[in-house]
Colleague: 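Here's a structure for you.
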Amino acid sequence: MFKYVVDDRELPTQVAGHPALELCNTSAGWDLPTARRGEYLTSYDDLAVWAREVGLVDEVATVRLRRAAAAHPSRARAILREVHRLRTDVHDLVLGGAGPAALGRVGSLAAEARQCQALERTAGATRWVFTRDAGLHEPLYAAALSAADLLTADTPVAVSACPGDACGWVFLNPSGRRRWCIMAVCGNRAKARAYAERHASTEPAAP
């Protein structure tokens, strides 16, 4: 995993090209058992800061959400569990490994999210914004709407998964030529491992 530090917490480097895919990349090692995967969203605080970093919520909302989570920790933990489930559903859907149940859950969350939004006009632009009814669900709802936008794109979206060891990060790959999430990390590790294996196989056996 490749990461950076913000607000005293480690977050994954953004490599996916879409917020819904960045959500998938808050975990790593998708081919490993769940207990052995890398995890960036271990608390609601992590979730709020991550959502701000990928543009799903703004700074004002982040401060408000973190305060509300501190006041309602059990509710915040429950929402984090929902985010983890959404993440798995999105990951499986974009890679073609999910059934109708996953799609139904994403669709239900997106519909729920729309019920907590209103149109707002500022500086000549009109946009959907979350009302206070969203509460602590705002990052979850924003991620669900982002996933729904990705899944309903007019042109089918090409998504690939990095084959690096304990990685599996996903990313937009319209050309089909990209293989690694980060060439300097997973790509170079694979090259170094292949080099070592080739040389190990050509070394003479010890007498």
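Computed from heavy atoms alone, side chains included, the values below leave out hydrogens, waters and symmetry copies.
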Colleague: Work out which heavy atom in Ala134 is nearest to a heavy atom in Tyr141; give both atom names and the distance.
Modeller: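 The pair with the smallest heavy-atom distance is CB-CD1, 4.2 Å.
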Colleague: Give the cluster check for Leu56 versus Val129: same hydrophobic cluster or not, with ILVMFWY residues linked at side-chain heavy-atom distances below 4.5 Å.
Modeller: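 Per the 4.5 Å side-chain linkage, Leu56 and Val129 are not co-clustered.
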Colleague: Quick one: do Val54 and Val6 end up in the same hydrophobic cluster if we chain Ile, Leu, Val, Met, Phe, Trp and Tyr together by side-chain heavy atoms under 4.5 Å apart?
Modeller: yes
Colleague: Which atom pair, heavy atoms only, marks the closest approach of Leu47 to Val83?
Modeller: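 The answer is CD2-CG2, 3.7 Å.
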Colleague: Are Leu103 and Leu86 connected, step by step, through hydrophobic side chains (Ile, Leu, Val, Met, Phe, Trp, Tyr) whose heavy atoms are closer than 4.5 Å?
Modeller: yes
Colleague: I need the minimum non-hydrogen distance between Trp50 and Leu41, along with the two atoms involved.
Modeller: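 That closest heavy-atom pairing would be CB-CD2, 3.9 Å.
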Colleague: Check the pair Glu59, Arg64 against side-chain contact (heavy atoms from CB on, under 4.5 Å), reporting the backbone distance first and the verdict last.
Modeller: CA-CA 9 Å; Glu59 179 64 39; Arg64 170 171 45 80; over 6 Å; no
Colleague: What distance separates Tyr44 OH from Ile79 CD1, expressed to the nearest 0.5 Å?
Modeller: 5.5 Å
Colleague: Quick one: do Arg66 and Asp7 satisfy salt bridge (Lys or Arg N to Asp or Glu O under 4.0 Å)? Show the steps, please.
Modeller: CA-CA 12 Å; Arg66 294 176 76 178; Asp7 287 4; 3.4 Å; yes
Colleague: So which atom in Ala144 and which in Leu109 form the shortest heavy-atom distance, rounded to 0.1 Å?
Modeller: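 Closest approach of Ala144 to Leu109: CB-CB, 3.7 Å.
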Colleague: May I ask you to test the Phe171-Cys162 pair for a side-chain heavy-atom distance under 4.5 Å?
Modeller: yes
Colleague: Just how far is it from atom CG of Asp58 to atom CG of Leu65, taken to the nearest 0.5 Å?
Modeller: 9.0 Å
Colleague: Are Thr122 and Arg127 close enough that some pair of their side-chain heavy atoms sits under 4.5 Å apart?
Modeller: yes
Colleague: Taking the side chain from Glu22 and the backbone from Ala16, do they hold a donor-acceptor pair closer than 3.5 Å?
Modeller: yes
Colleague: Hey, does the side chain of Arg37 reach the backbone of Leu32 with a donor-acceptor pair shorter than 3.5 angstrom?
Modeller: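 Yes.
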Colleague: Quick one: are Pro163 and Trp180 in side-chain contact, heavy atoms under 4.5 Å?
Modeller: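 A side-chain contact exists here, since the closest heavy-atom pair is under 4.5 Å.
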Colleague: Check whether Val90 and Trp169 end up in the same hydrophobic cluster, where Ile, Leu, Val, Met, Phe, Trp and Tyr are linked by side-chain heavy atoms less than 4.5 Å apart.
Modeller: no
Colleague: Do you know the tightest heavy-atom contact between Leu136 and Ala69?
Modeller: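 What the structure gives for the nearest pair is CD2-N, 3.6 Å.
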Colleague: For Glu53, does its backbone N or O pair with a side-chain atom of Gln14 as donor and acceptor, under 3.5 Å?
Modeller: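 Such a contact is found between Gln14 side chain and Glu53 backbone.
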Colleague: Would you find a donor on one side and an acceptor on the other, under 3.5 Å apart, between the side chain of Thr131 and the backbone of Gln117?
Modeller: no
Colleague: Do Glu120 side-chain atoms and Trp128 backbone N/O form a donor-acceptor pair below 3.5 Å?
Modeller: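 The answer is no, because no donor-acceptor pair under 3.5 Å joins these two groups.
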Colleague: Angle between ring planes, His91 versus Trp30, binned at 30° and 60°: parallel, tilted or perpendicular?
Modeller: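 Taking Trp30 first and then His91, their aromatic rings lie parallel (interplane angle under 30°).
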Colleague: Ignoring hydrogens and geometry, is there a side-chain-to-backbone donor-acceptor pair from Ser146 to Ala20 under 3.5 Å?
Modeller: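 The answer is yes, because a donor-acceptor pair under 3.5 Å joins these two groups.
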Colleague: For Arg67, look at atom CZ and say whether over 12 heavy atoms of other residues, nucleotides or ligands are found less than 6.0 Å away.
Modeller: no
Colleague: The criterion is salt bridge (charged side-chain N to carboxylate O under 4.0 Å, His left out); which residues satisfy it with Glu82, sequence neighbours excluded?
Modeller: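 Glu82 satisfies salt bridge (charged side-chain N to carboxylate O under 4.0 Å, His left out) with no other residue.
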Colleague: Return the minimal non-hydrogen interatomic distance between Ala142 and Phe130, and the atom names on each side.
Modeller: N-CZ, 3.7 Å
Colleague: Looking only at the side chains, is there a donor atom on one of Thr126 and Arg121 sitting less than 3.5 Å from an acceptor on the other?
Modeller: yes
Colleague: When rounded to the nearest 0.5 angstrom, what distance separates OG in Ser160 from CG in Leu95?
Modeller: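 These two atoms lie 8.0 Å from each other.
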Colleague: Can any side-chain N or O of Arg81 pair as donor or acceptor with the backbone N or O of His84 at less than 3.5 Å?
Modeller: no
Colleague: Would you check if Phe2 and Cys181 make a side-chain contact, meaning some heavy-atom pair closer than 4.5 Å?
Modeller: no
Colleague: Examine distances only and state if a side-chain atom of Thr152 and a backbone atom of Ala148 form a donor-acceptor pair shorter than 3.5 Å.
Modeller: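 Flag set: sc Thr152 to bb Ala148 pair under 3.5 Å.
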Colleague: Using only atom types and a distance under 3.5 Å, with no angle test, would you say the side chain of Asn25 pairs donor to acceptor with the backbone of Val15?
Modeller: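 A pair under 3.5 Å: no.
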Colleague: Just do the side-chain contact (heavy atoms from CB on, under 4.5 Å) check on Glu10 and Asp46 with the steps written out, would you?
Modeller: CA-CA 9 Å; Glu10 293 180 341; Asp46 293 337; over 6 Å; no
Colleague: Would you call Arg9 and Asp45 a salt bridge, using N to O less than 4.0 angstrom?
Modeller: yes
Colleague: As a test of understanding, state which of Leu172, Asp89, Leu151, Val157 forms a side-chain contact (heavy atoms from CB on, under 4.5 Å) with Val94.
Modeller: Leu151
Colleague: Quick one: does Met183's side chain get under 4.5 Å of Arg178's, heavy atoms only?
Modeller: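 Contact flag for Met183/Arg178 side chains = no.
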Colleague: Side chain of Arg75, backbone of Arg77: donor and acceptor closer than 3.5 Å?
Modeller: no
Colleague: With side chain to side chain donor-acceptor pair (under 3.5 Å) as the criterion, how do Thr26 and Arg87 come out once you've worked through the C-alpha distance, each side chain's angles and the decisive distance to 0.1 Å?
Modeller: CA-CA 8 Å; Thr26 58; Arg87 179 176 66 188; 2.9 Å; yes
